[in-house]
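Below is one structure, written out as structure tokens; the observations come after it.
The first residue of the sequence shown is numbered 1, and numbering continues consecutively from there. All ligand and atom numbering here is 1-based and tracks the order in the structure.
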Amino acid sequence: MTRMNELFGCKVFNDAVMQQRLPKDTYRALKKTIDQGRHLDPAIAGVVAHAMKEWAIDQGATHFTHWFQPMTGITAEKHDAFITPLPGGRVIESFSGKELVRGESDASSFPSGGLRSTFEARGYTAWDPTSYAFIKDGVLCVPTAFCSYGGEALDKKTPLLRSMDALNRQARRILKLMGRECERVVSTTGPEQEYFLIDKALFDRRTDLLCTGRTLFGAKPPKGQELEDHYYGAIKPRVQAFMKELNDELWELGILAKTEHNEVAPCQHEMAPIFTVTNVAADHNQLTMELMKKVAERHGLVCLLAEKPFAGVNGSGKHNNWSLSTDTGYNLLDPGDSPYDSAQFLLFLIAVIRAVDNYQDLLRESVASAGNDHRLGANEAPPAIISMFLGTELTEILEAIESGKPYEGHGADEMTVGVHALPKFPRDNTDRNRTSPFAFTGNKFEFRSLGASDSISDCNVVINTIVAESLRVYADELETAENFSSALHSLIVREITEHKRIIFNGNGYSAEWVQEAARRGLKNLASTVDAIPCLLEEKNIELFRRHRVFSEAELRARYEIKLEGYIKVIAIEAETALTMARREILPAVMRFAGEVARDARAVKDYAPALSTTPQDKLLLNLTAGISALTDRIEALQQAMGGFRRSADVLEKAKYQHERVLPAMADLRVVADQLELQVDKGCWPFPTYTDLLFRV
Ligand code: ADP
Ligand code: MG
């Protein structure tokens with residue numbers, strides 16, 4: 001058996017390998033680039049490329065690729081062999097500094113939202129040295145950013161790196177004020193990933209799963225998740241074998257896979273890694289999703305990452321645990337024990353509170369997708385209303401600071417920021433509120449609204465940027481203060497007063513919260529089409545422009561891409577539902593009705609006195625069902641593509657939401673009722689019971 005220290009990171013060109021394989025001065029220069037985000041000297045790129053290639057070939061690699069994350073949400077790669085021809089029909093293996101640093105890519109086949117004009121279809125990929133290169137299936141993968149020729153971001157990594165820079169800039173201003181200078185501040189992320197595993201043979205027989213990744217039909221099974229017997233339950237041998245292989249492959253890639261367990265729904269599971277720097281965590285999460293799918297197939301399974309693969313049982317999300325850390329590993333959201341630590345903690349805490357309150361819309365938008373619309377607000381995931389959970393104790397402490405009143409044995413004067421340490425409060429609230437979208441969990445925040453298939457980049461671009469904005473405002477104010485301590489105290493008091501409406505420790509699933517939130521003036525952006533337009537609001541354009549995360553043109557492109565993506569997803573789902581209803585369900589029900597009719601006639605032929613009332617009744621139901629199904633197929637067909645050709649992209653997306661989705665839902669109701677009346681042998685595809693319980 002291979003020991004963990006040999007296995008872990010064995011396919012990664014990581015720091016240890018660099019130290020071993022690079023000349024000392026090259027190593028030092030590269031390390032500076034990585035740690036401090038410095039520009040890389042092109043001269044050393046050639047040396048790095050050579051060492052990388054030699055190492056990769058030693059590991060059996062034959063190709064290299066620039067590995068990038070276009071706005072499709074999945075990763076892209078194009079392999080090039082390490083060969084250069086020599087005279088005499090021979091070749092040598094080569095990989096130049098230029099090939100490492102920059103690649104050309106045809107941008108025309110990736111979503112660009114109008115950033116790429118047709119006469120300039122080229123885009124390029126640029127090496128991100130902060131994320132280690134790795135080997136996957138015999139290919140050296142170089143993590144890269146993907147941009148248009150004009151330099152506009154066409155991917156998910158570029159804005160994330162820019163937002164990390166913005167956060168670093170502003171956080172260091174604050175730390176400088178507090179007398180704690182450091183080289184770099186980063187955000188850290190640990191994403192908990194939920195997924196379903198189902199049998200591949202059954203999956204293959206469902207057009208909806210094949211085409212859309214989720215079921216569009218399926219009657220409620222006799223048993224669902226009501227017995228609560230799956231969460232943390234014993235893991236089935238086949239799933240265990242999958243998890244073992246997945247872990248091995250993740251570890252080889254240096255991914256810190258840590259916990260695994262069964263989730264609430266049948267055949268639902270979760271994997272969580274140990275947190276790391278956010279842009280690396282984003283790369284790792286993309287690789288994790290890819291490997292989950294790949295490894296599942298080897299076990300005759302299919303891994304579903306759709307947000308809501310099955311109606312009636314919980315869907316899958318992702319929890320984005322987020323904090324800020326100095327380069328020396330000091331967590332800035334750790335309350336600490338000294339007055340000094342407390343003051344710093346409070347300032348960063350308040351910065352996040354202000355950020356979430358001011359930019360609820362952007363946070364909501366960052367997790368908006370057709371798939372996630374089925375989860376948010378459906379009593380299994382946080383509501384569409386963004387609020388924050390701090391726990392009763394911390395909330396009361398903030399209230400005491402705000403009002404200058406005593407808190408549990410601590411006199412009012414002891415509640416002065418910067419002079420006294422914070423009163424102790426439970427760090428690890430075991431009774432955590434699972435209904436809150438944005439919860440403080442001891443020394444980090446957990447954003448719980450992400451869909452399972454989301455790239456974590458989107459929401460972290462937002463979190464990093466909006467927190468950077470709070471810190472900018474605070475630094476501007478505190479840098480000019482005459483008396484730092486008193487300015488700090490009054491800033492914190494003022495910010496608590498201004499933004500406390502976003503704090504909610506109650507039940508986020510309750511109907512009362514919807515009303516209460518409205519009373520507080522919080523946003524309730526119920527669906528994707530309600531959320532996306534916020535990208536074009538002036539305050540948001542200004543935010544991203546100020547911190548150089550997105551230009552206005554880039555934001556407009558993202559707005560277009562997201563809406564177009566939404567329109568297409570609904571169109572594909574509707575097309576699939578229509579095909580299944582027309583070509584699979586309707587014929588099956590008709591055949592079965594024919595069988596019942598023949599059976600009734602056979603009974604009458606056998607003995608006219610015998611009753612065929614049960615057959616008659618069933619036939620009546622079936623024929624009524626056939627007629628209803630036909631009507632709803634027609635209604636869906638009519639709804640599809642029914643928007644005006646000239647309609648703009650938002651109008652079209654709204655049309656899909658308001659007209660096509662309800663027509664699909666109407667069709668499904670009739671089909672699911674018929675499923676429960678038809679001979680199982682006649683039903684054209686596996687049922688929910690098959691899918692959920694035959695793993
Ligand atoms: P839960 O009870 O929600 O499962 P855990 O304590 O298991 O919470 O942690 C969940 C995730 O939070 C893990 O991926 C963990 O590494 C991550 N995490 C812990 N500390 C931090 C931090 N400072 N920054 C970012 N993520 C963190
Ligand atoms: Mg969690």
Side-chain angles (χ1 to χ4, degrees), residues 8 160 163-164 167-168 171 182 184-195 230-233 243 246-247 250-251 253-264 268-289 292 314 316-336 341 344-345 348-349 351-352 355-356 380-382 388-391 394 426-450 452 454 456-457 459-464 467 508:
F8 190 81
L160 183 59
S163 73
M164 301 280 293
L167 187 64
N168 173 45
C182 70
R184 195 165 168 82
V185 173
V186 292
S187 69
T188 52
T189 299
E192 302 164 56
Q193 176 73 49
E194 291 180 339
Y195 61 96
H230 197 254
Y231 191 60
Y232 282 17
M243 287 181 174
L246 176 67
N247 285 332
L250 293 173
W251 290 332
L253 287 173
I255 298 171
L256 294 156
K258 174 79 172 164
T259 36
E260 58 192 25
H261 60 80
N262 283 353
E263 259 300 332
V264 173
Q268 191 186 30
H269 315 278
E270 180 183 298
M271 193 289 281
I274 298 173
F275 71 95
T276 182
V277 178
T278 302
N279 60 306
V280 174
D283 286 357
H284 284 179
N285 185 249
Q286 290 299 136
L287 281 171
T288 300
M289 292 194 285
M292 281 177 164
N314 275 14
S316 299
K318 191 134 63 184
H319 288 177
N320 190 81
N321 296 274
W322 182 95
S323 188
L324 297 127
S325 163
T326 63
D327 52 348
T328 51
Y330 188 88
N331 182 351
L332 296 171
L333 287 174
D334 194 310
D341 285 338
Q344 183 180 287
F345 162 72
F348 282 99
L349 179 80
V352 181
V356 175
E380 59 167 88
M388 292 173 95
F389 170 86
L390 295 186
L394 185 54
R427 296 280 171 93
D428 187 44
N429 289 2
T430 32
D431 183 26
R432 279 187 214 161
N433 184 331
R434 291 274 157 192
T435 68
S436 175
F438 210 99
F440 182 68
T441 51
N443 58 5
K444 63 183 191 294
F445 279 98
E446 185 169 344
F447 186 30
R448 304 207 181 99
S449 306
L450 287 75
D454 282 345
I456 63 166
S457 294
C459 78
N460 284 303
V461 166
V462 171
I463 302 173
N464 290 341
V467 173

Suppose I only count heavy atoms of [X] and a 4.0 Å limit; which atoms of ligand 1 are within that range?
X    : value
G190 : 14 (O), 25 (C), 26 (N)
I274 : 16 (O)
R434 : 2 (O), 3 (O)

Spacing of M243 atom CE and M271 atom CE [to the nearest 0.5 Å]: 10.0 Å
Consider every N or O of [X] and every N or O of ligand 1, then say whether any pair is closer than 3.5 Å.
X    : result
T188 : yes
P191 : no
P273 : yes

Ligand 1-proximal atoms of N331, by part, heavy-atom distance under 4.0 Å: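 Under 4.0 Å from ligand 1, N331 contributes side-chain atoms alone.
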Aromatic ring pairing F438/F445, orientation class (parallel under 30°, perpendicular over 60°, tilted between): tilted
Option with minimal heavy-atom separation from atom 20 (N) of ligand 1, where the choices are W322, F445, F275: F275
Closest to atom 3 (O) of ligand 1 (judged by heavy-atom distance), picking from H319, E192, M271: E192
Test ring pair (Phe, Tyr, Trp, His ring centres under 6.0 Å) applied to H230 and H269, step by step: CA-CA 9 Å; H230 197 254; H269 315 278; 5.7 Å; yes
Main-chain N/O of V185 paired to N168 side chain as donor or acceptor, under 3.5 Å: yes
contact_flag E446 ligand 1 heavy-atom lt 4.0 Å: yes
Heavy-atom side-chain contact between [X] and [Y] under 4.5 Å:
X    : Y    : value
Q286 : T288 : no
T189 : I463 : no
Y231 : H261 : yes

